[in-house]
K.L.:
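The structure follows.
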Amino acid sequence: MSGILASAPAVLADWRLLAAVLATVVAGLMRGYSGFGTAVILAPVYSLLWGPRAGVPVMLLMELLVSLQLLPGALKDADRRVVLPLGGAAAVATPFGAWILLTADGDLLRRFIGGFVLVFGLLLMTGWRYHGSRPLPLNLAVGTMAGLLKGSTGMSGPPVILYLLAGLEDAKRHRANLIMFFSTIAIISVVPPFLGGLVDGAVWVRLAVLLPVMAASVPIGARLFHVVPEKLYRPFAMGVLMAAGGLALLG
């Protein structure tokens, strides 16, 4: 508690916290609307503002709480045969990815996060998706890749999103699958930062400010899912991804 109180004045007076609030609003709207968006926006933005070792733990804790918020409504629509192997493999691989977060050069890792988000955004813009069957070995391989990324960068979504969105399911099933996947690995992903000493007083102060912003934004995005056509949402979402990735890569 003393560490939180000691960190609070400097964190609250820092202009970067306002920038993080604005990014969190956008990420929350995207997460509520589409089922993803939290990590691919906030990982590069928070890493640019505070560095990966300070920014990624804030995002991981927020992702855990948001996932638990959305999970009950998604359980009945998700395809557990596909999602549970993906999530299980990702959960096993996440601690190995966390070793990269704890040991890699912070500036190099931030630029990797930005470049990865840019590539992911470009793939989404071109319409590329994996087209094929989803056998168990492939589910496990994609889940493992996602877990390594989750542990090292906070982002498990890109490979899973490209993999799952290729199916013939409707938007409601896609959204439920993504929510269930993120929920299965949310708990394990916060353990390595705690063990590595990355969750300090400043992290808790930032989380205390940003979590209510996210909690308020996600339900609004979920309501927009039933109102705003995808043809209007997609250009906005792609623009946000490209901007976030570019800032982290070049900043």
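Start at 1 with the first residue, then count along the sequence. These numbers were taken from a predicted model, which means no experiment stands behind them.
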K.L.:
Say whether Val205 and Leu65 are linked into one hydrophobic cluster, either directly or through other cluster members, by side-chain heavy-atom distances under 4.5 angstrom.
P.N.:
yes

K.L.:
To the nearest 0.5 Å, tell me how far Arg31 CZ sits from Leu42 CG.
P.N.:
10.5 Å

K.L.:
Donor-acceptor check, side chain of Ser189 to backbone of Ala186, threshold 3.5 angstrom: yes or no?
P.N.:
yes

K.L.:
When you measure from the side chain of Arg206 to the backbone N and O of Val11, does any donor-acceptor pair fall under 3.5 Å?
P.N.:
no

K.L.:
If you group Ile, Leu, Val, Met, Phe, Trp and Tyr whenever their side-chain heavy atoms sit less than 4.5 Å apart, what else falls in with Leu148?
P.N.:
Phe96

K.L.:
Given Pro193, which of Asp200, Leu60, Val203, Val56 fulfils the side-chain contact (heavy atoms from CB on, under 4.5 Å) condition?
P.N.:
Leu60

K.L.:
The test is side chain to side chain contact (heavy atoms under 4.5 Å, CB included); show your working for Ile220 and Arg223 and say whether it passes.
P.N.:
CA-CA 5 Å; Ile220 296 173; Arg223 287 193 289 269; 3.6 Å; yes

K.L.:
Which distance, rounded to the nearest 0.5 Å, do you find between the CD1 of Ile100 and the CG of Leu108?
P.N.:
11.0 Å

K.L.:
Closest heavy-atom contact between Leu207 and Val58?
P.N.:
CD1-O, 4.0 Å

K.L.:
Pair Met180, Asp77 - check side chain to side chain contact (heavy atoms under 4.5 Å, CB included), show working.
P.N.:
CA-CA 10 Å; Met180 185 173 177; Asp77 297 315; over 6 Å; no

K.L.:
Measure across Trp50 and Ala20 and return the closest heavy-atom pair with its distance rounded to 0.1 Å.
P.N.:
CH2-CB, 3.5 Å

K.L.:
Kindly give the heavy-atom pair with the smallest separation between Pro57 and Leu198, and that separation in Å.
P.N.:
CG-CB, 3.9 Å

K.L.:
Taking only residues two or more places apart in sequence or in another chain, which ones pass side-chain hydrogen bond (donor to acceptor under 3.5 Å, both in side chains) with Asp14?
P.N.:
Arg16

K.L.:
Would you compute the distance between atom CD of Glu63 and atom CD1 of Ile185 and round it to the nearest 0.5 angstrom?
P.N.:
7.5 Å

K.L.:
Report the distance from atom OG1 of Thr94 to atom CD1 of Ile187, rounding to the nearest 0.5 Å.
P.N.:
12.0 Å

K.L.:
Rounded to the nearest 0.5 Å, what separates atom CG in Leu48 from atom CD1 in Ile113?
P.N.:
10.5 Å

K.L.:
Val119 and Val40: same hydrophobic cluster, using ILVMFWY side-chain contacts below 4.5 Å?
P.N.:
yes

K.L.:
Between Thr184 (side chain) and Phe181 (backbone), is there a donor-acceptor pair under 3.5 Å?
P.N.:
yes

K.L.:
To check you understand the geometry: which heavy-atom pair defines the closest contact between Gly154 and Met59, and what is its length?
P.N.:
O-CE, 3.1 Å

K.L.:
Between Leu136 and Leu86, is there a shared hydrophobic cluster once you connect ILVMFWY residues whose side-chain heavy atoms come closer than 4.5 Å?
P.N.:
no

K.L.:
Which pair of heavy atoms, one from Met30 and one from Ile41, lies closest together, and at what distance?
P.N.:
SD-CD1, 3.0 Å

K.L.:
Just so I know, are the side chains of Thr153 and Pro52 near enough to count as touching, which here means a heavy-atom distance under 4.5 Å?
P.N.:
no

K.L.:
What's the spacing between Met62 CE and Leu210 CG if we round to 0.5 Å?
P.N.:
4.5 Å

K.L.:
Do Leu138 and Pro135 make a side-chain contact, defined as non-hydrogen atoms from C-beta onward lying under 4.5 Å apart?
P.N.:
yes

K.L.:
Looking only at non-hydrogen atoms, find the nearest pair between Ala146 and Val160 and report the distance.
P.N.:
CB-CG2, 3.6 Å

K.L.:
Is the CG atom of Leu12 crowded by more than 12 outside heavy atoms at less than 6.0 Å?
P.N.:
yes

K.L.:
Please tell me if the side chains of Phe194 and Leu61 come closer than 4.5 Å, counting only heavy atoms from C-beta onward.
P.N.:
yes

K.L.:
Is Ile188 reachable from Val92 through a run of hydrophobic residues whose side-chain heavy atoms are each under 4.5 Å from the next?
P.N.:
no

K.L.:
Tell me whether Val209 shares a hydrophobic cluster with Trp204, the cluster being built from Ile, Leu, Val, Met, Phe, Trp, Tyr side chains joined at under 4.5 Å.
P.N.:
yes

